[in-house]
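Each remark here refers to the structure printed beneath this line.
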Protein chains: 2
Amino acid sequence: MATRTRRSQRRTEALSRERIVKAAVELLDASGESGLTFRVLTERLETGPGAIYWHVANKDELLAAATDAVVAGAVATGATGITGAGEPSQEPEDGIRDVALRLFDATEAHPWLAAQLATQLSRNPGGTVAPRILEGIGRHVRALGVPQDGWFTTASALMHYILGAAGQNVANTESARALGPEADRGDFLGTVSAAWKRLDPDDYPFTRAVAEQARTHDDREQFLAGVDLLLTGINAGHPRTA
Amino acid sequence: MATRTRRSQRRTEALSRERIVKAAVELLDASGESGLTFRVLTERLETGPGAIYWHVANKDELLAAATDAVVAGAVATGATGITGAGEPSQEPEDGIRDVALRLFDATEAHPWLAAQLATQLSRNPGGTVAPRILEGIGRHVRALGVPQDGWFTTASALMHYILGAAGQNVANTESARALGPEADRGDFLGTVSAAWKRLDPDDYPFTRAVAEQARTHDDREQFLAGVDLLLTGINAGHPRTA
DNA sequence: CCAAGAATGGAACGGCGTACCAGAGACGAC
DNA sequence: GTCGTCTCTGGTACGCCGTTCCATTCTTGG
């Protein structure tokens, strides 16, 4: 057994938690949750496991850090200029749609994100992710004129809908990719729609009836429609102050 | 190397996909997603991996089957007699609340369920889980008088909210358990609330303002409040027919 | 110049999901 | 009855995973 071979040289660019998290996000984006491995991470960073473990406690913490980094980028004002880079004077409804769409788009850009949010959001809720989202939504909830004792319930309802819908949407786009490299969203929805039409008419009358709508629906539009349902319900529940 | 030892006897009770799924659900309930292992599963069923793989393709399929089994039980009419064992003549709003609560309770009884729903619901959406939920909600959406071209959007919005909120809630109760054996939900919420109150006042004014509400809120009540927001929005969007 | 600490990365460990396959029971054909 | 065939079983082995351990190297302050 040869003694330990000495390492060639100290690395040119110092390892850091930031560099590790950045590489983790890239790996997750490239090949999904199963693509993030300490093995490929060490290879990518040209280092050993021990070096990574010096900066990060374990894989769960790494996933949490990656999630937080992406959410922070998505929620940050003006991160994506969808409705005008976080215009401060916009209508509160538009502000909520803006935040919602930013999160929606983030889960689409990072398909692994939705599952992480669902799993880890409050696994350690002292964490930074939940407050980030809540805060992004909450400002606008307050601006809507919701009475203070309804703030938490209202903002939570919005957050839950956004996370649920975003997760579902990701699952859809992922499935489309799984169908094949050149298969697109339409092919996938066609497959699902056809499967639904084949269901038992006695047990699944409704699902069969909406199969056609499912085939032709637009994810983003449907997502915003759900947000608007909530906004309507919220506005109906309190006297609209000017 | 001794030749293969012959097995003692053919098993008394035949293995079946049902028995395997049942055991899987029990293991998941007992010790979470990481508690479900082919090793302990073979031990529990007094068999070998090959026998299991004869009935089930792989672990993903096993998880999907377990998820489907639990959802089927939860959505089935009268599975839990919360509002009267699936009264057929109830108001459509109550019907929706009923289905929502059933799923909410299911995710609480099976803490692993929410993550599975988020991850796998449409990983294979030709699967049975999504139609089951959609159907359970859809009947009542129709009864609400929603025009047909809004069926899919409306039912989807409800489903997304339910899944998102249920997942969030599970994360909360799970975290409470992690705090310690005798720690209860109150201790956990107290911890979270305290952490939120310690946030930067400039960056997190809203979250700090709702920290106290978070400490004292009731999960079930808040969940239903969100459902009602959606119901209000839905009813406002179309002429209420008798 | 040298001791002390921070940071590194190679090797090894236990456990996981899974593939493989020899063999045991069930059962119809003759 | 016996045989061949098909269904089902469970033991063994493989490759990869997250993680631990630790000798070694670079950096820093006295």
Side-chain angles (χ1 to χ4, degrees), chain A residues 1-24 27-28 30-67 112 115-116 119-120 123, chain B residues 1-24 27-28 30-67 112 115-116 119-120 123:
Chain A
M1 211 75 77
T3 59
R4 218 152 284 210
T5 62
R6 68 185 49 197
R7 124 191 49 164
S8 57
Q9 212 173 344
R10 176 145 281 225
R11 47 178 320 102
T12 17
E13 203 157 354
L15 208 56
S16 71
R17 192 182 159 97
E18 274 179 19
R19 260 175 38 96
I20 294 173
V21 170
K22 181 158 173 282
L27 283 173
L28 285 167
S31 39
E33 191 171 347
S34 65
L36 176 59
T37 310
F38 272 82
R39 302 255 198 273
V40 314
L41 201 54
T42 57
E43 199 174 331
R44 170 78 82 104
L45 294 169
E46 290 172 324
T47 178
I52 297 179
Y53 273 91
W54 178 259
H55 296 278
V56 164
N58 52 39
K59 194 178 180 178
D60 277 353
E61 190 187 303
L62 181 56
L63 276 168
T67 303
W112 48 274
Q116 284 309 308
T119 308
Q120 301 203 346
R123 179 165 292 177
Chain B
M1 211 75 79
T3 58
R4 219 156 281 212
T5 62
R6 67 184 51 194
R7 121 194 52 165
S8 57
Q9 213 174 347
R10 177 145 278 227
R11 46 179 321 104
T12 19
E13 205 158 353
L15 208 55
S16 70
R17 192 184 159 97
E18 276 180 17
R19 262 175 38 94
I20 294 173
V21 170
K22 183 161 173 278
L27 283 174
L28 286 167
S31 37
E33 191 170 345
S34 65
L36 176 59
T37 310
F38 272 82
R39 302 258 199 271
V40 314
L41 201 55
T42 57
E43 200 174 332
R44 170 78 82 102
L45 294 170
E46 290 173 322
T47 179
I52 297 178
Y53 272 92
W54 177 260
H55 296 279
V56 165
N58 52 39
K59 193 177 182 181
D60 277 353
E61 190 188 304
L62 181 56
L63 278 169
T67 302
W112 48 273
Q116 284 308 309
T119 309
Q120 301 203 344
R123 177 165 295 177

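We name chains A, B, ... by the order of the sequence lines, and we start the count at 1 in each one. Not measured: the values here are computed from a predicted model.
Rounded to an integer number of Å, the gap from CG of A:Leu15 to P of D:dT27 is 14 Å. Distance A:Ile20 CD1 to C:dT8 C1': 11 Å, rounded to the nearest Å. For A:Ile52 and D:dC17, the CD1 to C1' distance is 14 Å, given to the nearest whole Å. Atom CG of B:Leu62 and atom C1' of C:dC16 are 15 Å apart (whole Å). Note: CD (B:Glu46) to P (D:dG10) measures 9 Å, nearest angstrom. Atoms CZ (A:Phe38) and C1' (D:dG18) sit 7 Å apart, rounded to a whole Å. The nearest whole Å value for the distance from the CG atom in B:Asn58 to the C1' atom in C:dC20 is 16 Å. D:dG11 atom P lies 12 Å from atom CD of B:Glu43, rounded to whole Å.
Of all non-hydrogen atoms in B:Leu28 and B:Ala66, the two that sit nearest each other are CD1-CB, 4.1 Å. Here the shortest heavy-atom pairing between B:Lys59 and B:Glu33 reads NZ-O, 4.4 Å.
Of the side-chain N and O atoms in B:Thr47, none sit less than 4.0 angstrom from OP1 or OP2 of D:dT9. Remark: A:His55 is not in phosphate contact with C:dA6, judged by side-chain N or O atoms under 4.0 Å from OP1 or OP2. Between B:Trp54 and the phosphate of D:dC8, there is a side-chain N or O to OP1/OP2 separation shorter than 4.0 Å.
Counting non-hydrogen atoms under 4.0 angstrom, B:Leu41 reaches nothing in the nucleic acid.
With hydrogens and angles ignored, no donor-acceptor pair closer than 3.5 Å exists between the side chain of B:Arg39 and the base of C:dG15.
Out of D:dG10, D:dT19, C:dT18, the shortest distance to the side chain of A:Lys59 is found at D:dT19. Among C:dC16, C:dT8, D:dC17, the nucleotide with an atom closest to any side-chain atom of B:Thr37 is C:dC16. Considering only the side chain of A:Ala51, C:dT8 comes nearest among C:dT8, D:dT20, C:dT18.
Comparing B:Pro49 and A:Pro49 by the nucleotide of DNA chain D that holds the closest heavy atom to each, the one mapping nearer the 5' end is B:Pro49.
Considering OG1 of B:Thr42 and OH of B:Tyr53, their distance stands at 11.0 Å, rounded to 0.5 Å.
With hydrogens and angles disregarded, a donor-acceptor distance shorter than 3.5 Å links the side chain of B:Ser16 to the backbone of B:Arg19.
Around CD of B:Glu61, the count of heavy atoms belonging to other residues, nucleotides or ligands within 6.0 Å exceeds 12.
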